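What's counted below: heavy atoms across the whole structure, side chains too, no hydrogens, waters or symmetry copies. Reminder, nothing fancy here: chain letters follow the sequence lines and each chain counts from 1. Computed from a predicted structure; not experimentally measured.
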Number of protein chains: 2
Amino acid sequence: MARAKSSTIAEQLNGGRLGLTAADRKLSAALMADYPVAGLASISDFARVAGVSTPSVLRFAKKLGFTGFPTFQQALRGEVSAQLQNPIEKPEQWSSKAPRGHILNTLASAAMENLGNSLRHIDHHTFDDVCRLISDRQRTVHIVGGRITGHLAGYLHTHLQMARAGVRLVPGSVSHWPQHLLDVSEEDVLVVFDVRRYDARVQEFAASARQRGARIVLITDQWMSPVSRLASQTLALRMDVPSGWDSNVVTMFVAEAIVAAVVNENWKATRERIREIDLYFEGGRRGR
Amino acid sequence: MARAKSSTIAEQLNGGRLGLTAADRKLSAALMADYPVAGLASISDFARVAGVSTPSVLRFAKKLGFTGFPTFQQALRGEVSAQLQNPIEKPEQWSSKAPRGHILNTLASAAMENLGNSLRHIDHHTFDDVCRLISDRQRTVHIVGGRITGHLAGYLHTHLQMARAGVRLVPGSVSHWPQHLLDVSEEDVLVVFDVRRYDARVQEFAASARQRGARIVLITDQWMSPVSRLASQTLALRMDVPSGWDSNVVTMFVAEAIVAAVVNENWKATRERIREIDLYFEGGRRGR
DNA sequence: CCCGCTTTGTAACGATCATTTCAGATGGAC
DNA sequence: GTCCATCTGAAATGATCGTTACAAAGCGGG
């Protein structure tokens, strides 16, 4: 019976040297999701969490080279014990599963680089100004995006709505834009997402809003949408990735950061607002 | 479920506020000698290691405020889990303009940590399987998400459409779902985004699709949507941030990675497709 | 489309575990 | 030295767990 070659079960699983079946992978994922504690519960609990049957867990343990589930657990306990003695060496020994050169790794390092570069180039005063503008309850906030960035606009909209009233998403279909424009009044804020392949329609909309007296906040890429000429604040992000398209990971990050900042600004009110929203969402509550 | 007064069992024991008997002290010592792993074995093992009888262990657990030994173990597991999550304090000195402690930096290190942790836990075989499924031109790909993740679903949809035909976004309004369900046929793929505050409707939709013979690919968080039981592939991501909400930066990353992988699979065809799409987008071309 | 293989879950079993009961042990007070 | 209160462990219990056997389901190759 194969005694474990790797020192930890995690390594063995990550190594991919064992032919893992679908059930095995579910178990592996569940175990990794809360490693190694997930495997320290009873076999039936572990099976339930992973969504497989108990025998599958047993086969899993045997495939890893153990004689039974208790033996498997014993090994896990040993790992916990070892890990807790010297918590310092942890980051090193666990490295990404995907082999070097795997697309996940390539893109991940690109994403990290983008995030770092973007932060380096964003003036945090500008960022704070943006957040202050958006936090201002006196102003209605309008959000607009293009074909791709429209989804980010929607994401920002959904979250901002939880933080404050008076947030409006400019709909995706251009035909509704004229009516929407009428709602834009002086002192309002228009958040524009516009990245490469800059959308002429978005630009026109921004120009019109500007004429009606709205302040424009622009979130764009390093090549700068022409909307920047209209904007009172511009956040230029890096979104280079080796994949044919630009990456909006950083855009998403900034959207979330804005939300977090706005929420921070007035946490009490937001909390109350969320509570109320929750009341209307009676269904579909779950999760620990 | 009786909850401990102190945050950890160790604190309670060291506090000395409980009248410990001789057997209790033996147990306490044994537990501390290999904390908390010693307490994770079976009650009889623990008793043997401490040199006491099993009932003494039980009384010990009850004295600590638990209803029984399993409850006690559960608490210990919780502590291990918490302890193993924290001690990663790795964000290097990447010089950002924003001052240390600025929300941008706080969130950025959280985002990087999430990305790292997610990569560490994703089985890249699973990821490859997902991409292979989605690349399969024989299968129609359906994408669905909840209130928040719907935007991610939309983002993925828009991009996948550029890569291949037969990609359908399940609309946001639940009332249209029944009709859409009819379009789901055997051998199709349903990509489900479902993160905490798991959406019961999404779950129902996935169940119905499953019954119609579709393969389910789930993108969820580390706490695992219940949809995972229906899914043939599950990608569990980390999305913890210190901001009241979970972060979908990593979700966005994975969506983009999937697109990149699918495009890679058949770059020629995709390129041709994009060229054609561009022909229909005569307006709004600009950029570098 | 049918066949074989592999994978998976259901159901039964035996084993271990967690718990209770109760009798013996311990230790201090008088 | 005796008594009582408390603590402790042996033994018995019911419950749960881990394991096995087997049948159904899924998946590829002919």
Partner set under side-chain hydrogen bond (donor to acceptor under 3.5 Å, both in side chains) for [X], not counting sequence neighbours:
X: B:Thr149; value: none
X: B:Ser135; value: none
X: A:Thr54; value: none
X: B:Asp136; value: B:Arg139

If I take atom CZ in residue B:Phe60 and atom C1' in nucleotide D:dT8, what distance separates them, rounded to the nearest angstrom? 16 Å
Using whole Å, what does the distance between atom P of nucleotide D:dG9 and atom CZ of B:Phe46 come to? 13 Å
NZ/NE/NH1/NH2 to OD/OE distance under 4.0 Å, B:Asp199 and B:Arg201: yes
For residues 36-59 of chain A, the ring pair (Phe, Tyr, Trp, His ring centres under 6.0 Å) pairs (sequence neighbours left out) are none
Restricting to pairs with a member in residues 168-183 of chain B, which pass salt bridge (charged side-chain N to carboxylate O under 4.0 Å, His left out), not counting sequence neighbours? B:Arg168-B:Asp183
Residues pairing under salt bridge (charged side-chain N to carboxylate O under 4.0 Å, His left out) where one sits in residues 37-59 of chain A, two or more places apart or in two chains, turn out to be A:Asp45-A:Arg48
Reading 5' to 3' through nucleotides 13-21 of chain D, protein heavy-atom contacts under 4.0 Å coded B for base, S for sugar-phosphate only, - for none: ----SBSB-
Residues which pass salt bridge (charged side-chain N to carboxylate O under 4.0 Å, His left out) with B:Arg137, listed by chain and number, not counting sequence neighbours: none
Test salt bridge (charged side-chain N to carboxylate O under 4.0 Å, His left out) applied to B:Arg25 - qualifying residues, sequence neighbours left out: none
Contact boundaries on DNA chain C for chain B, cut-off under 4.0 Å to non-hydrogen atoms: C:dC17 to C:dT20
Is there any protein nitrogen or oxygen under 3.5 Å from a nitrogen or oxygen in nucleotides 28-30 of chain D, and what are the pairs?
none

Just to confirm, is there a sub-4.0 Å distance from OP1 or OP2 of D:dG9 to any side-chain nitrogen or oxygen of B:Ser56? yes
